[in-house]
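As the structure is a prediction and not an experimental result, all values here were calculated from the model. Proteins come first, then strands; the chains are lettered A, B, ... in the order of their sequence lines, and each starts at number 1.
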Amino acid sequence: MEAAVFILSLVDCCALIFLSVYFIITLSDLECDYINARACCSKLNKWVIPEMIGQCLSTVLMLVSMHWFVFLLNLPVAAWDIYRYLKVPMGNMGVFDPTEIHNRGQLKSHMKEAMIKLGYHLLCFFIYLYNMILALIND
Amino acid sequence: MSTAGFNSQNGTGPGQAYSNGPSQNPVAIQQLPGVSYGMTHQPPYNPMQAKAPVAPGPGLYHSGYPPVSSYQPGPQLASYSTPPGQPLLTRPQIAGPPLHTPPQSASPSPGPRMPLAQATPPPPAVSSSSYYSNLQQPQPNAQPWQYNPVPAPMGTPPPPNSMSSPPRGPVANHLNPPSSSTAPPPPPSSSTAYSLPQQAYGSHSVTQPPGPGIPPTSLHGYNQPGVAPPPMNPAVSLSYSMVRPTYGPPPTGPPLSGPPPTMKPTPATGPPLANVIPPPLKADGTIAGNGPQSSNSYNHVDNKMGGLPPPGPPGRHLSHYPSLPPGYQNTAAPHKPTAPVHPAMQAAPQPYSQANQPYQQPHSGPGQAQLSPSLAALSLQSSSPEALRVVNLLQDRNLLPPTSVPAPTPCLPHDLQKVNCSPEVFRCTLTSIPQTQSLLNKAKMPLGLLLHPFKDLSQLPVVTSSTIVRCRSCRTYINPFVSFLDQRKWTCNLCYRVNDVPEEFMYNPVSRSYGEPHKRPEVQNATIEFIASSEYMLRPPQPAVYLFILDVSHNAVETGYLNVFCQSLLDNINALPGDSRTKIGFITFDSTIHFYNLQEGLSQPQMLIVSDIEDIFLPTPDSLLVNLNECKELVQDLLKSLPTLFEKTMETQSALGSALQAAFKLLSPTGGRMSVFQTQLPNLGVGALQSREDPNQRASAKDIQHLSPATDFYKKLALDCSGQHIAVDLFLLSSRYCDLASLGCISRYSAGSVHYYPSYHQQHNPAQVERFQKDLKRYLTRKIGFEAVMRIRCTKGLSIHTFHGNFFVRSTDLLSLPNVNPDAGFAVQMSIEENLNDMQVVSFQAALLYTSSKGERRIRVHTLCLPVVNSLSDIFAGADMQAMTGLLACMAVDRSVSASLSDARDALTNAAIDSLSSYRHSVLTIQQPGLLSPACLRLFPLYVLALLKQKAFRTGTSTRLDERVFAMCQLKYQPLAYAMLMIHPALYRIDDLTDEGALNINDRTIPQPRVLQLSAENLSTEAAFLMDAGTVMYLRVGKNCNPIFLNQVLGVPSYAAVPDNLYLLPELDTAESQRTRAFIGWLKDQRPFFPTLHVIRDESQLKPSFMQNLIEDRTESALSYYEFLLHLQQQISK
């Protein structure tokens, strides 16, 4: 059972890692002027909700399997994702707004956020891996 | 081979200086007191010394002004007279050893800038035959606010100067003064145009069309690229009257004369100043022995320097605080000299003497020609101490200069400054760029640029060249600030890459010489336009396409705007910018969408109604947009019948969203301009909006809600439009809430413009109708550029992080502008990413690529060069308070939308506190009581207070949400000059206009009354005052107003007979009436859009809005200026 939880989390985490990398690549494309802001934002906005769901999924998994430490590790990130999504002003086209992304250093902060998330997901990846192996051995 | 042709746009012939151009008449020049500039970097910069005021004689108070007692009555303190007696550090010995070389930028463009650094580029070079102006600019009303041509006395190089300038060999014939004032009447053809009174060209006179036998280097390409006459048409008028479009006053010539020591104090400053005259006189004597010399570089700074409040006519300039609040008398008194001559002043060593220097007199003095270049540059580099003169804001009251506040001039070597971009086009908040970000953070002032890139210019060099020379790595256009390593190599001033000079660039078509790439027009003009080749096109240039989308619901018909619109369009249909391909179309909408089939061959326009607004389609896709020339009659028929067509409509709903979608479909194959006229809240179909305004909250002091859009529909549509090169201009004519915050997005992101006419009604609001009419005329006939993009580049190390204005930012430095119009302003905020340690100057380049209405691809390039400094005092000396205010306003608008209005207000106040406290703590060495500010920032707190009381940011006063949002739009979108009037209106007393100091434009005499402080203390019931607030003017007639004024100007017998809604001055044939109308007309001419004039009495309804503009006074909900200053002081001393 425990192994199954961690295998699921591991898969989820892999997806999130890929998503983070995708965010970073797309944002740096925008930074280097390979794509325009409109295309970049519509690409990224599509993945904001999947990312949020993925993050919540692993949080919930940890909660139901009562791994408190990993749950607490996951909770702030999930909360941040939800907060960010809810805080989008009505007139904006999503978390990434093409008209705003070049203003007030938003591009940089999005980039920073994606980097931090990548690091965080990598950390989680190894935690899950370790826990999974541990669980498999215990089984 | 490359050819370059110069011509001017909107050529107006010889005339005046550029700003609102007309030069002051000689009387005025005589009266302008000036201040000499010495070295800023006198190392222990002693504010005490600098502050030691000129002791005013007893005569100072008999200045014709009643003592203005604004605050509290109290004993008059011995005066602290600022404006006339600016105590200054002067540097009389011009030839003295450069002891205190400013470390940062003393040497003028060292090294490889070989040709430019030495010889001043000959201004008249451009006056060679290849410059001719283009008279046929189809913008009749476009001239008044353009640059006027350089005035004859300034632009014409006087013979003595050309003598004194170093011989330049092959350029010699450039120095023939082809004076603009002596320009003969327009020659009939360009072949005569070339036969100048210059012998060198006489034999070389070239006929315009490329005939056989013309050598390959001949100038057959010198036609007017892109402007109306076809290239082959040789009829070019007004040849060679153009002087090169330097923006600064030309450096040489008698009017701009010598260095400070040679300046003589004006007699106008009166006997009290005699005390301080001796030192400068002495210096004068010594220097005068040097004989006649040509001008020195810092005259230039002098004349444009914003720091000084030059006294107006004698006797009026000396008002200061006659009294102080008791609390301040004690503290301030010790610093106020009471003796006629301050001991410190007499004891002052000569180089630092506190001289009261008048403005430059038009006599020649020691000049640059005889100074070594480095010395000349040094004297320039040491920026004016005037900008750093310490002003105690709590004591000095009258800080406004008598006329408009000029932009500060960057402290650049003279040869660079001379070619620098005009501040009207390109302005930076800090004219001295800090070396590092930490220095900038310490100064706590915003760093940013304000641009007006498509401004109507009277002189614009246009270059046709098969290759446009650009840096190979950063794609910067070659500009005056690049340096030539040798004749074959140039170094980019933005990325420092060394580039090759292409072969054809070696040939200079202006002088027709070879091997002088640095004399090419591209290298001589900071503002230049290129005709782009096909490599700058992604598709063939689009035609001018205009689509009008008209609201015809019951509400719209009720306002009666359709009549005005159709009549205006009928009147101006031939003046619409365009060529033979111009297309036009109309869509009207209420709850359904009506298309008009205007296809050639129809006997009358055919209306097609689409009622399926959910899934909009075009009934006949190819006959809705028609060629204007081919179908003009049908269009005219339609315009004549349109107002009657919907007279009886009872439809109250408005499906704006669907109409916009339909218009988008119609225009997307070509791109173009949509003009949307909307009179109510769209309430049907896509994009429907709900009323969000709570009228009870209008005056709320709490936070204002709903400043951000309610839906992203309009934003998305705008981005779609932007992608298809469609701009949407919105005209909102409504008395009710229309949710401009949401609707405005459609224009904001498609680079359109928003026009708002609150309470528009045909009968009830005739002033608004007139304004709409005049605005439409300007709107329809102004220049337009299609499918434009603008890129703003800056020197490596600087980066742009925020953009303000109407556009879509497509990538980090590229703005997508589907349309660009001459009334659009832009602002950007910048940060310093890398230290600028080894740089002396940085440059900014804005390049606007657009398709003209004639279907030509053009690139307009503006380049601004600014010095880099590493001391805080230099940064403060270069601060541009108006630009800072403009940029802060943009930032505050952003803040109030993204956070809240109160946040934005706090941020504005903090900006004033931060800059002044940084000045106090980091720059001033001696702490004094009071609220101290450098002279160059002296109006900054006032402007910040004005912003807080501006419609956009005020709280506590009833303001409709739409009007607030519109004010915010305008602050972001308007060029600085117009935005400043909105922020800080100008107040004039106009019942006693005289011709003294008047301007002379086209034989019209325009009186120049003094700008008054915006305070009720300046008002009196015996006078009439004009308040100019940008889009509206108020003429307030006092109760006991001079009957002569009432009679001769307003044409009424008495005060009681002044009508309530007078908005037009009667054209009376009296001197007073002519003067008043000339002055008001001149003010109106300075802006593109028409301001309404309201004559108001004490009982008028509009009186409150007049009084609200008196921003120095206390209102129920806002502080007075003095209270605000006290608040600032309290915060700073914390």
| Based on non-hydrogen pairs under 4.5 Å, which of B:I800, B:D894, B:L814, B:D813 is most in contact with chain A? | B:D894

| field | Part of B:F803 lying under 4.5 Å from any heavy atom of chain A | value | both

| said: With a strict 4.5 Å heavy-atom criterion, list every residue of residues 709-718 of chain B that contacts chain A, or say none. | reply: B:P709, B:A710, B:T711, B:D712, B:K715, B:K716

| query | Hey, are the side chains of A:L30 and B:S811 touching, using non-hydrogen atoms and a 4.5 Å cut-off? | reply | no

| note | The complete set of salt bridge (Lys or Arg N to Asp or Glu O under 4.0 Å) pairs with one or both residues in residues 36-47 of chain A, sequence neighbours excluded, reads A:R38-B:D720

| task | Look up atom CE in B:M891 and atom CZ in A:R104, then write down how far apart they are to the nearest 0.5 Å. | result | 10.0 Å

| remark: Pair count under 4.5 Å, heavy atoms only, with chain B: among A:A39, A:G105, A:A37, highest is A:A37

| field | Part of residues 18-28 of chain A lying next to chain B, heavy-atom separation under 4.5 Å | value | none

| Options B:T802, B:V828, B:V809, ranked by heavy-atom pairs under 4.5 Å with chain A, top entry | B:T802

| Which pairs count as side chain to side chain donor-acceptor pair (under 3.5 Å) when at least one residue sits in residues 69-91 of chain A, sequence neighbours excluded? | A:E51-A:R84, A:Q55-A:N74, A:N74-A:Y120, A:N74-A:Y128, A:W80-A:E113, A:D81-A:K117, A:R84-A:E113

| task | Indicate yes or no: at least one non-hydrogen side-chain atom of B:L719 is less than 4.5 angstrom from one of A:M93. | result | yes

| query | Measuring from B:T812:OG1 to A:L107:CG, what's the distance to the nearest 0.5 Å? | reply | 8.0 Å

| query | Could you give the distance from NE2 (B:H801) to NZ (A:K108), rounded to the nearest 0.5 Å? | reply | 8.5 Å

| Region of A:Q106 that comes under 4.5 Å of a non-hydrogen atom in chain B | neither

| task | Look at atom CD of B:Q690 and say whether more than 12 heavy atoms of other residues, nucleotides or ligands are closer to it than 6.0 Å. | result | no

